[in-house]
Amino acid sequence: MDFSVKKLASGAGVFFSRAVQFTQENLGQAEKTELDAHFENLLTRADNTKNWTEKILHQTEVLLQPSPSARVEEFLYEKLDRKAPSRVTTAELLGQYMTEAANDFGSSTPYGQTLMKVGETQKHLGTAERDFIHSSAINFLTPLRNFLEGDWKTISKERRILQNRRLDLDACKARLKKAKAAEAKATLEGDLWSDEVDKAEHELRVAQTEFDRQAEVTRLLLEAISSTHVNHLRCLHEFAEAQATYFAQSYQYMVDLQKQLGSSRAELFPVGNTDPASQPLSTSTPPATLPVLQVASSNPGEATLNPVEVALPVSGTRKARALYDYEAADSTELALSADELITVYSLPGMDPDWLVGERGNKKGKVPVTYLELLS
């Protein structure tokens, strides 16, 4: 019991001495032992390594798992030392929905066939993403996390011990300085103060030895940061290679899909058919409806006439301005250039979405949506 009380009292005395020394240093009332420049550089490099590793680790986690709630769930499973449940990627889920929709609409229909092709590609993209996430977690995130939770904690612990040893050393220096000053003034009690000086010098030697030993231990740990950089460099190369593989696979999947869709489009939208994707793009929106000049047909069953073979009617013509470029699909159509003026008219039995256009000695069908009627 007496031993415990003495140990507690001794510990309280050491803590109080360190607190006093720390406070006086901050107030500029006590001297502080400075570390050499090389040691300070090691400390700075270690702090920078820790700070940047934390930021890189966090942002990589955000890259691999953008959902904050999912990251929190994975963190809790990790802390509970339990395996997190398998989670499908967004691309895999999209692919699943597309294939289910294809089966619902009918996989033999053009829309269903395309949904099936795109859905399967999305599943492949999701699988590639899953492999990339798994590889990055093992080869990149785990080494960074091990450094922060292992090596850095050890370094931080030894740095705190070094700080305490330095406070003890500076407190001993202060006591020795005071003892020598008192000895110089108290000439009548020289023997008494001589003992105090000897005691203070002994405590200083012990404190200096402990400080030097702890400084060497801390220095070795700080110099090992170079090995940490080498290890993180290797992990960074593996991360970059995994990411390059992921993007290369994704690109190849999309190239294959593009080829499949290209062949399907050629079958669905042959030349001359209206394919919305093949219409020219413009910053202005074509008018939804336009007035069409049409002469009533006396015979509704009359066959459609070739505009090239029909002479220009005496009346019913109007001027029109081409809104966009238009490439003729065959000899019965008239090619257009944006902003050019042509003469247009309608023929009996013509599709209301088309007019006959005439420019000089050339004439042919033109789509109404590409024209602005002027007069």
Side-chain angles (χ1 to χ4, degrees), residues 56-75 77-78 83-144 235-283 285-286 324-325 327 329 369:
I56 293 173
L57 173 64
H58 172 70
Q59 197 57 39
T60 306
E61 290 174 338
V62 173
L63 172 68
L64 300 179
Q65 179 50 265
S67 173
S69 59
R71 293 200 303 273
V72 171
E73 181 182 351
E74 293 174 356
F75 175 78
Y77 274 103
E78 181 181 352
K83 183 178 180 181
S86 178
R87 189 189 305 274
V88 297
T89 63
T90 54
E92 287 176 313
L93 188 59
L94 176 60
Q96 178 183 342
Y97 290 162
M98 285 185 171
T99 53
E100 291 177 357
N103 294 327
D104 190 20
F105 297 145
S107 58
S108 60
T109 64
Y111 184 40
Q113 291 177 355
T114 303
L115 276 173
M116 186 66 69
K117 293 176 182 178
V118 178
E120 291 298 326
T121 299
Q122 293 299 323
K123 290 181 179 180
H124 290 318
L125 293 174
T127 302
E129 181 184 1
R130 181 193 297 274
D131 293 340
F132 168 59
I133 293 174
H134 180 72
S135 175
S136 299
I138 295 178
N139 299 325
F140 189 61
L141 294 183
T142 299
L144 298 185
C235 298
L236 185 60
H237 277 283
E238 294 181 357
F239 172 74
E241 291 177 2
Q243 194 171 34
T245 300
Y246 165 58
F247 284 125
Q249 291 177 339
S250 301
Y251 173 76
Q252 188 59 49
Y253 289 143
M254 295 309 299
V255 168
D256 295 340
L257 175 63
Q258 192 176 34
K259 292 179 180 178
Q260 296 178 34
L261 296 183
S263 60
S264 300
R265 174 178 295 179
E267 297 175 0
L268 292 173
F269 306 109
V271 177
N273 283 14
T274 305
D275 177 10
S278 65
Q279 299 293 345
L281 300 178
S282 172
T283 55
T285 304
Y324 323 98
D325 291 338
E327 183 177 354
T369 54

For Y111, the ring pair (Phe, Tyr, Trp, His ring centres under 6.0 Å) test, sequence neighbours excluded, returns F105

Taking atom NZ of K123 and atom CG of L93, what is their separation to the nearest 0.5 Å?
10.5 Å

Acceptor/donor pairs from residues 247-257 side chains to any protein atom, 3.5 angstrom cut, sequence neighbours excluded:
| residue | atom | partner | partner atom | Å |
| --- | --- | --- | --- | --- |
| S250 | OG | Y246 | O | 2.9 |
| Q252 | NE2 | D256 | OD1 | 3.1 |

Quick test of your reading: applying salt bridge (Lys or Arg N to Asp or Glu O under 4.0 Å), list the pairs with at least one residue in residues 99-110, sequence neighbours left out, ordered by first then second residue.
none

Identify every side-chain donor-acceptor pair in residues 136-143 under 3.5 Å, counting partners at least two apart or on other chains, and give the distances.
| residue | atom | partner | partner atom | Å |
| --- | --- | --- | --- | --- |
| S136 | OG | F132 | O | 2.9 |
| N139 | ND2 | S135 | O | 3.4 |
| N139 | ND2 | S135 | OG | 3.3 |
| T142 | OG1 | A137 | O | 2.7 |

Set of residues satisfying side-chain hydrogen bond (donor to acceptor under 3.5 Å, both in side chains) with respect to Q258, sequence neighbours excluded
none

Apply side chain to side chain contact (heavy atoms under 4.5 Å, CB included) to A240 and list each qualifying residue two or more places apart in sequence or on a separate chain.
none

Looking only at heavy atoms, which two atoms of Q113 and S107 are closest? And how far apart?
CG-O, 2.9 Å

Between atom CD of Q96 and atom CG of L94, what is the distance when rounded to the nearest 0.5 Å?
10.0 Å

dist T60:OG1 -> L236:CG (nearest 0.5 Å) comes out at 9.0 Å

Heavy-atom closest pair (A91 atom, E129 atom, distance to 0.1 Å) is CB-OE1, 4.4 Å

State which residues pass side chain to side chain contact (heavy atoms under 4.5 Å, CB included) with E92; sequence neighbours excluded, sorted by chain then number.
V88, T89, T127, R130

Minimal heavy-atom distance between Q122 and M98, with the atoms involved, is CG-SD, 4.3 Å

